[in-house]
Amino acid sequence: MQDPVSICVIGSGYVGLVAAACFAEMGHRVLCVDNDEARVMTLREGGVPIFEDHLPELLAKHRGGVEFTTDLGGAVEASEAIFIAVGTPQGDAGAADLSYVEAVVSEIARHIHSYKVIVEKSTVPVYTNEWIHRVLHRHGVAPQNFDVVSNPEFLREGTAIIDFLHPDRIVVGAATERSANLMRRIYEPLVGGSYYAQPSALPGALSASHPAKLLITSAQSSELIKHASNAFLALKISFINAVANLAEAVDADIEDIAAGLGLDRRIGPGFLHAGLGYGGSCFPKDVAAFHWVAQQRGVNFELLQEIRKINETQKDIFFNKVLSALWTLPGKRLAALGLAFKGNTDDIRESPAIEIVKRLLEAGATVTAYDPAAMERAKAVLPPSAKLRYAAGVYEAAKDADAVLILTDWKEFAEIDLARLNDAVRFPIVIDGRNLYKPQRMLDRGFTYVSVGRPATYQAQQGKPRSGVL
Ligand code: NAD
Ligand code: UGA
């Protein structure tokens with residue numbers, strides 16, 4: 001590494017911690033700040049508070065290269081670039097709640113004594129850059145001592161480290177050449193390709209001959225690129241879910257339709273997977289925040305509301321499928337496979353799976369849930385109930401179940417031993433909100449199988465009712 005930069009990352013969540021580990025991997029010196037003392041202690045002791053592939057190895061590799069602290073002021077003073085990566089949750093009327101960002105900026109202001117670049121890494125509405133400027137001015141920071149830059153993050157949970165080190169693009173919204181140059185220095189190992197030339201580089205889509213692309217824009221454009229990207233991806237998901245509902249109504253197959261659509265290079269195959277609708281800490285709040293921004297500017301963007309409505313409906317449709325497969329829910333025993341908002345993460349924020357489990361419990365069903373990584377977090381939000389149990393694995397969850405529901409697209413759930421599952425359940429019914437199986441295969445294995453946007457396949461006689469009548 002020829003030109004390391006001293007970087008401070010504020011927030012050690014899914015974005016901050018990943019960014020800190022990756023900046024260290026790129027050769028920079030990193031101070032990672034959080035005001036959650038327990039989290040900082042865990043990190044200092046070598047613990048990793050979130051589930052993310054490659055993160056434990058990178059943090060172990062760069063122990064010493066990334067330091068964890070609660071001392072924001074000290075970290076700011078010691079750094080050239082200060083990345084803000086705190087939460088921006090949904091606030092009133094859909095607007096982003098920027099109170100964490102404002103609190104951090106006010107504190108940063110007290111510790112700027114020489115030139116610093118303040119970087120918005122959190123997802124923020126357009127003109128947040130302006131607001132950060134104003135707050136710093138109000139606190140008396142001399143204009144020549146700072147620039148504010150937008151550098152949105154596009155990583156996905158579950159593949160965050162590889163997404164960060166092998167990005168489709170790096171977007172920087174910078175108003176001055178000085179701040180743009182510092183950002184160029186920071187990302188040089190990825191943009192120049194030297195990182196990929198190292199034998200120890202984590203492999204991904206990019207290489208020394210095909211390195212990362214850096215796009216420099218105005219701050220407003222950069223802020224809008226982030227909101228527009230998330231809204232567009234959410235649009236693709238809602239679009240395919242609406243088509244799935246139509247496909248179901250006319251006995252077509254959404255998987256074939258998505259394949260046919262995705263082969264058009266102008267459309268592309270990504271984010272056309274029909275299912276329970278999108279969840280997570282970002283799409284729901286970012287679509288709402290983007291709509292709020294448009295409203296504030298008097299721009300009609302009701303399309304964003306339609307994206308949200310289709311997404312909400314998708315959970316109702318799934319719940320109704322459970323009802324029509326089981327007729328009544330009180331006293332029924334259901335296996336819920338998955339609690340996380342998607343596979344390969346322990347994050348349950350806005351998880352469709354959690355919402356379905358809540359509704360099943362409210363309707364009187366008994367649920368045995370299993371998730372490979374999200375059970376501890378789920379226990380903190382699901383109501384304690386004698387009707388809700390947690391299992392240590394798929395087959396334990398499915399034992400004596402009246403139906404198995406697939407709610408999260410974990411790889412493990414796509415690789416179930418179907419004979420063993422059939423042995424475990426009371427009735428061989430699988431209701432799959434993630435389309436992990438082919439209907440014909442499930443039929444051949446003795447299951448009644450209901451999925452999204454594809455005809456349901458029914459066993460002529462429900463396979464093997466061991467007791468009771470379906
Ligand atoms: P998170 O909730 O996982 O982490 C935020 C961290 O900030 C927490 O550890 C919290 O303790 C800390 N924090 C809050 N206030 C603080 C303060 N005053 N000082 C120091 N630390 C403080 O959030 P996240 O998922 O990492 O998201 C952060 C931002 O990045 C959001 O704006 C989000 O929209 C955006 N984003 C998230 C993802 C994702 O996949 N999670 C991807 C791209 C962008
Ligand atoms: C998403 C974006 O993909 C990232 O680029 C962005 O940085 C991030 O939001 C953010 O701004 O926070 P993430 O929320 O981690 O990343 O997860 P995705 O893989 O995008 O999935 C989001 C939701 O959409 C999940 O519930 C997933 O199950 C669902 N989804 C995704 C579908 O239903 N169908 C698809 O085809 C793809």
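Both backbone and side-chain heavy atoms feed into the values below; hydrogens, waters and symmetry mates do not. Just follow the structure's listing: the first ligand is 1, and inside any ligand the first atom is 1. We number each residue from 1, following the sequence as shown.
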Heavy-atom proximity to atom 11 (O) of ligand 2, best of E350, K226, E153, H273: K226

Structural part of L276 in contact with ligand 2, heavy atom criterion under 4.0 angstrom: neither

Protein heavy-atom partner closest to atom 4 (O) of ligand 1 - residue, atom, separation in Å: G13 CA, 3.2 Å

Ion pair D432/R434, N-O distance below 4.0 Å: no

F319 six-ring centre to R359 NZ/CZ under 6.0 Å and within 45° of normal: yes

Residue part near ligand 2, for K236, under 4.0 Å between non-hydrogen atoms: neither

Heteroatom distance test (S281, ligand 2): nitrogen or oxygen, under 3.5 angstrom: no

Within reach of ligand 2, part of V15 (heavy-atom separation under 4.0 Å): neither

Heavy-atom nearest option to atom 3 (O) of ligand 2, drawn from R156, Q314, R434: R156

With sequence neighbours excluded, residues passing side chain to side chain contact (heavy atoms under 4.5 Å, CB included) with T159: R156, D163

Atoms of ligand 2 close to E157 [distance to a heavy atom under 4.0 angstrom, numbered from 1]: 15 (O)

Nearest non-hydrogen protein atom, atom 19 (O) of ligand 2: K342 NZ, 2.9 Å

No-hydrogen, no-angle side-chain donor-acceptor test under 3.5 Å, Y278 and E350: no

Winner among D34, N230, D36 once heavy atoms are compared against atom 10 (C) of ligand 1: D34

